[in-house]
Amino acid sequence: MSPWSWFLLQTLCLLPTGAASRRGAPGTANCELKPQQSELNSFLWTIKRDPPSYFFGTIHVPYTRVWDFIPDNSKEAFLQSSIVYFELDLTDPYTISALTSCQMLPQGENLQDVLPRDIYCRLKRHLEYVKLMMPLWMTPDQRGKGLYADYLFNAIAGNWERKRPVWVMLMVNSLTEVDIKSRGVPVLDLFLAQEAERLRKQTGAVEKVEEQCHPLNGLNFSQVIFALNQTLLQQESLRAGSLQIPYTTEDLIKHYNCGDLSSVILSHDSSQVPNFINATLPPQERITAQEIDSYLRRELIYKRNERIGKRVKALLEEFPDKGFFFAFGAGHFMGNNTVLDVLRREGYEVEHAPAGRPIHNDIVPQLQVPVLDRHISTELRLPRRGHSHHSQMVASSACLSLWTPVFWVLVLAFQTETPLL
């Protein structure tokens, strides 16, 4: 994958569906629903044991965009599993406060003090443009739910001058027409968490916020300035109608529903990068892009996959007679050095479960939440029945879990009541 691709991944997931010529692009994700279950995509893997446990690959988009395309056996595995684990605790207020803290500059600093003047001015102009456009991006349905542009802008971009530049860059990529229009519908991961709570399932999480958040803060200042500048260049070109992104949120949804998601995320390389960026990067900036690529591969993919895999293994070994449903971003199961590879190296048989194949039929009784690690369990547990829905964040972005820290910090920026289906 290209040097710039890991930063482009979150850009591709969060940018609008292209320039003015692609205003109608959302329809491209509406591929035909296959009449036979066996023809559907499957992101379900079975960990062969008695009772079985499951891995399920999610995508961080509104669940309504993909739910009908998820095979029945994946839904059945979720329903039959009494213990459901996620990457992060999606509804605990601690998650919100930890993500907020992670984003902030040291006390007494603000962006105007740390950013080059020209980048700061361009950033401010772009945010003024977004605030002006947001009322036009809101849908009648959102207004009917009581969501208004000023409130939504402040929920996402409020206090932006106190945020670290890397998080401002990611925030900018979330302030797009497509992303704004989808606010108010739970993304697939959050929907599953809410359903697990509604069904009184026991729940847990395998990571702490800090483990996802701190690697992004580990980029050095010159790398972050490079990335923020490239992001602003891209947004400015999109506003001018001179740039069309080759892969978008809608393309990700289409490939998750009807194609091969890995062909979009993990196989294409320089096609991700807008030509004007590729053609104009001087040698030193190419080196910076290479360094960013190497760092993010190591910190956000390989290290996380290893850590998640080992914690899954610990759960399976401590509770050999329990069945688990592990719902992680699909990116953790694709490419090299995946979570699946970690489990297989440890001697577990992990098998893909094609759509249409029956799964284990014995309902596992409701059980007490296993404690993987006291620190992780207490800080990242999901709320039980009766927990206030005040902290159930809903939003949408379209990024696989290799960019989970990027995604959830955007999801948790916005709160609303959402009825469960």
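From a predicted model like this one, the values you see are computed outputs, not experimental measurements. Quick note: numbers below take in every heavy atom, side chains included, and nothing from hydrogens, waters or symmetry partners.
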Chemist: What heavy-atom pair brings Leu343 and Gly309 nearest, and what distance separates the two atoms?
Modeler: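 In this case the closest contact between Leu343 and Gly309 is CD2-O, 3.4 Å.
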Chemist: With Gln112, which residues qualify under side chain to side chain donor-acceptor pair (under 3.5 Å), at least two apart?
Modeler: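 Once residues adjacent in sequence are excluded, Gln112 has no partner under the side chain to side chain donor-acceptor pair (under 3.5 Å) criterion.
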Chemist: Looking at Ser294 and Gln290, would you say the former's side chain and the latter's main chain have a donor-acceptor pair under 3.5 Å?
Modeler: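 Flag not set: sc Ser294 to bb Gln290 has no pair under 3.5 Å.
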Chemist: Regarding Asp179 and Trp137, do their side chains bring together a donor and an acceptor under 3.5 Å, going by distance alone?
Modeler: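 Judged by distance alone, the side chains do not pair up.
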Chemist: What are the two closest non-hydrogen atoms of Ala227 and Met169, and how far apart are they?
Modeler: CB-SD, 3.4 Å
Chemist: Does Ser101 use its side chain to pair, donor to acceptor, with the backbone of Ser97 at less than 3.5 Å?
Modeler: no
Chemist: For the side chain of Asn217 and the backbone of Gln103, is there at least one donor-acceptor N/O pair under 3.5 Å apart?
Modeler: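 Here the side-chain-to-backbone pair does not exist.
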Chemist: Could you give me the CA-CA distance, side-chain angles and deciding distance for Asn41 and Asn257, then say whether side-chain contact (heavy atoms from CB on, under 4.5 Å) is met?
Modeler: CA-CA 6 Å; Asn41 269 1; Asn257 288 343; over 6 Å; no
Chemist: Give a yes-or-no answer on whether the side chains of Thr58 and Asp189 include a donor-acceptor pair shorter than 3.5 Å.
Modeler: yes
Chemist: Is atom NZ of Lys124 surrounded by more than 12 heavy atoms (other residues, nucleotides or ligands) closer than 6.0 Å?
Modeler: no
Chemist: For the atom pair CG (Leu136) and CE (Met133), what is the distance rounded to the nearest 0.5 Å?
Modeler: 5.0 Å
Chemist: For Tyr129, is the NZ or CZ atom of Arg239 found under 6.0 angstrom from the centre of its six-membered ring and inside 45 degrees of the ring axis?
Modeler: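 Output yes; distance and angle both within limits.
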Chemist: Could you report the tightest heavy-atom contact between Pro165 and Val224, atom names first, then the distance?
Modeler: CB-CG1, 3.4 Å
Chemist: Is any side-chain heavy atom of Gln223 less than 4.5 Å from a side-chain heavy atom of Val166?
Modeler: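 Contact flag for Gln223/Val166 side chains = no.
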Chemist: With distance as the sole test, does Ser42 use its side chain to make a donor-acceptor pair with the main-chain N or O of Ala353 at under 3.5 Å?
Modeler: yes
Chemist: At their closest point, which heavy atom of Ala98 faces which heavy atom of Glu210, and how far apart are they?
Modeler: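 In terms of heavy atoms, the two residues are closest at CB-OE2, 4.1 Å.
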Chemist: Any side-chain to backbone donor/acceptor pair from Thr338 onto Asp341? Under 3.5 Å, distance only.
Modeler: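 Pair found, side chain donor or acceptor close to backbone of Asp341.
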Chemist: List the residues meeting side chain to side chain donor-acceptor pair (under 3.5 Å) with Asn229, not counting sequence neighbours, and say none if there are none.
Modeler: Arg122
Chemist: Taking only residues two or more places apart in sequence, or in another chain, which ones meet Glu109 in a salt bridge (charged side-chain N to carboxylate O under 4.0 Å, His left out)?
Modeler: none
Chemist: Take Arg143 and Leu147 through the test side-chain contact (heavy atoms from CB on, under 4.5 Å) and record every step on the way to the result.
Modeler: CA-CA 5 Å; Arg143 295 188 188 95; Leu147 303 180; over 6 Å; no
Chemist: Sequence neighbours excluded, which residues qualify as side chain to side chain donor-acceptor pair (under 3.5 Å) partners of Asp113?
Modeler: Asn110
Chemist: Of all residues at least two apart in sequence or in a different chain, which pass the side chain to side chain donor-acceptor pair (under 3.5 Å) check with Asn337?
Modeler: none
Chemist: Determine whether Ser174 and Arg183 satisfy the following criterion, side-chain contact (heavy atoms from CB on, under 4.5 Å), listing intermediate values before the conclusion.
Modeler: CA-CA 11 Å; Ser174 75; Arg183 299 272 173 159; 4.0 Å; yes
Chemist: What's the shortest heavy-atom distance between Leu44 and Ser74, and which atoms?
Modeler: CB-OG, 3.5 Å
Chemist: Rounded to the nearest 0.5 Å, how far apart are CZ of Phe221 and CG of Leu115?
Modeler: 6.0 Å
Chemist: What salt bridge (Lys or Arg N to Asp or Glu O under 4.0 Å) pairs are there with at least one residue in residues 219-234, not counting sequence neighbours?
Modeler: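 Not a single pair qualifies under salt bridge (Lys or Arg N to Asp or Glu O under 4.0 Å).
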Chemist: Take the angle between the ring planes of Tyr85 and Phe326 and call it parallel below 30°, perpendicular above 60°, tilted in between.
Modeler: tilted
Chemist: Between Glu195 and Lys75, is there a side-chain N and carboxylate O pair less than 4.0 Å apart?
Modeler: no
Chemist: Taking Lys163 for its side chain and Leu111 for its backbone only, find out whether a donor-acceptor pair lies under 3.5 Å.
Modeler: no
Chemist: Output the distance between atom CZ (Arg311) and atom CG (Leu316), rounded to the nearest 0.5 Å.
Modeler: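 Rounded to the nearest 0.5 Å, the CZ-CG separation comes out at 14.5 Å.
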Chemist: Could you measure the distance from the CE atom of Met138 to the OH atom of Tyr151? Nearest 0.5 Å is fine.
Modeler: 10.5 Å
Chemist: If you draw a 6.0 Å radius around CG in Asp118, do more than 12 non-hydrogen atoms from other residues or ligands fall strictly inside?
Modeler: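 Enclosed.
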Chemist: Quick one: list whatever passes ring-ring contact (aromatic ring centres under 6.0 Å, His included) with Tyr295, sequence neighbours left out.
Modeler: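 Listed in chain order: nothing, the list is empty.
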Chemist: Once you round to the nearest 0.5 Å, how far does CG of Leu127 lie from CD of Glu161?
Modeler: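 Here the rounded value is 9.0 Å.
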Chemist: Go through Glu306 and Lys310 one step at a time and tell me if the salt bridge (charged side-chain N to carboxylate O under 4.0 Å, His left out) criterion holds.
Modeler: CA-CA 6 Å; Glu306 191 73 22; Lys310 287 182 176 179; 3.7 Å; yes
Chemist: List in chain and number order the residues that pass side chain to side chain contact (heavy atoms under 4.5 Å, CB included) with Tyr148, two or more places apart in sequence or in another chain; answer none if no residue qualifies.
Modeler: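 Side chain to side chain contact (heavy atoms under 4.5 Å, CB included) check on Tyr148 returns nothing, list empty.
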Chemist: Which atom pair, heavy atoms only, marks the closest approach of Val172 to Thr176?
Modeler: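 Reported closest heavy-atom pair: O-CG2, 4.4 Å.
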Chemist: For Gln235 and Asn173, which I'm curious about, is there any donor-acceptor pair between the side chains at under 3.5 Å?
Modeler: yes
Chemist: Spell out, as yes or no, whether a donor-acceptor pair under 3.5 Å connects the side chain of Asn154 to the backbone of Asp150.
Modeler: yes
Chemist: Can you tell me which residue pairs pass the salt bridge (Lys or Arg N to Asp or Glu O under 4.0 Å) test with a partner in residues 212-227, sequence neighbours excluded?
Modeler: none
Chemist: Using the ring-ring contact (aromatic ring centres under 6.0 Å, His included) definition, which of the options Trp67, Phe78, Phe86 pairs with Phe191?
Modeler: Trp67
Chemist: Mind checking what makes ring-ring contact (aromatic ring centres under 6.0 Å, His included) contact with His352, not counting sequence neighbours?
Modeler: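 Expected list: Trp45.
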Chemist: Of all residues at least two apart in sequence or in a different chain, which pass the ring-ring contact (aromatic ring centres under 6.0 Å, His included) check with Phe56?
Modeler: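 For Phe56 the ring-ring contact (aromatic ring centres under 6.0 Å, His included) partners, ignoring immediate neighbours, are Phe325.
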Chemist: Under 4.5 Å between any side-chain heavy atoms of Ile83 and Thr203, yes or no?
Modeler: no
Chemist: What residues, two or more places apart in sequence or in another chain, satisfy side chain to side chain contact (heavy atoms under 4.5 Å, CB included) together with Asn159?
Modeler: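 Met104, Arg162.
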Chemist: Starting at CD of Glu177, measure out to NZ of Lys181 and round the result to the nearest 0.5 Å.
Modeler: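 Between Glu177 CD and Lys181 NZ, I get 4.5 Å after rounding to 0.5 Å.
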Chemist: Counting distance only, does the side-chain N/O of Glu211 pair as donor-acceptor with the main-chain N or O of Lys208 below 3.5 Å?
Modeler: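 Pair found, side chain donor or acceptor close to backbone of Lys208.
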Chemist: Do the side-chain N and O atoms of Asp141 and Thr139 include a donor-acceptor pair separated by under 3.5 angstrom?
Modeler: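 Per modelled atom types, Asp141 and Thr139 side chains form no pair under 3.5 Å.
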Chemist: Report the C-alpha separation of Phe43 and Phe55 in whole Å, then their side-chain angles, then the decisive distance to 0.1 Å, and conclude whether the ring-ring contact (aromatic ring centres under 6.0 Å, His included) test is met.
Modeler: CA-CA 8 Å; Phe43 291 94; Phe55 285 123; over 10 Å; no
Chemist: I'd like to know if Arg304 pairs up with Glu87 as an ion pair, taking the criterion as any Lys NZ or Arg NE/NH1/NH2 lying under 4.0 Å from an Asp or Glu carboxylate oxygen.
Modeler: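 Salt bridge present between Arg304 and Glu87.
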Chemist: Would you please test Phe69 and Tyr256 for side-chain contact (heavy atoms from CB on, under 4.5 Å) and show each step?
Modeler: CA-CA 9 Å; Phe69 293 84; Tyr256 187 83; over 6 Å; no
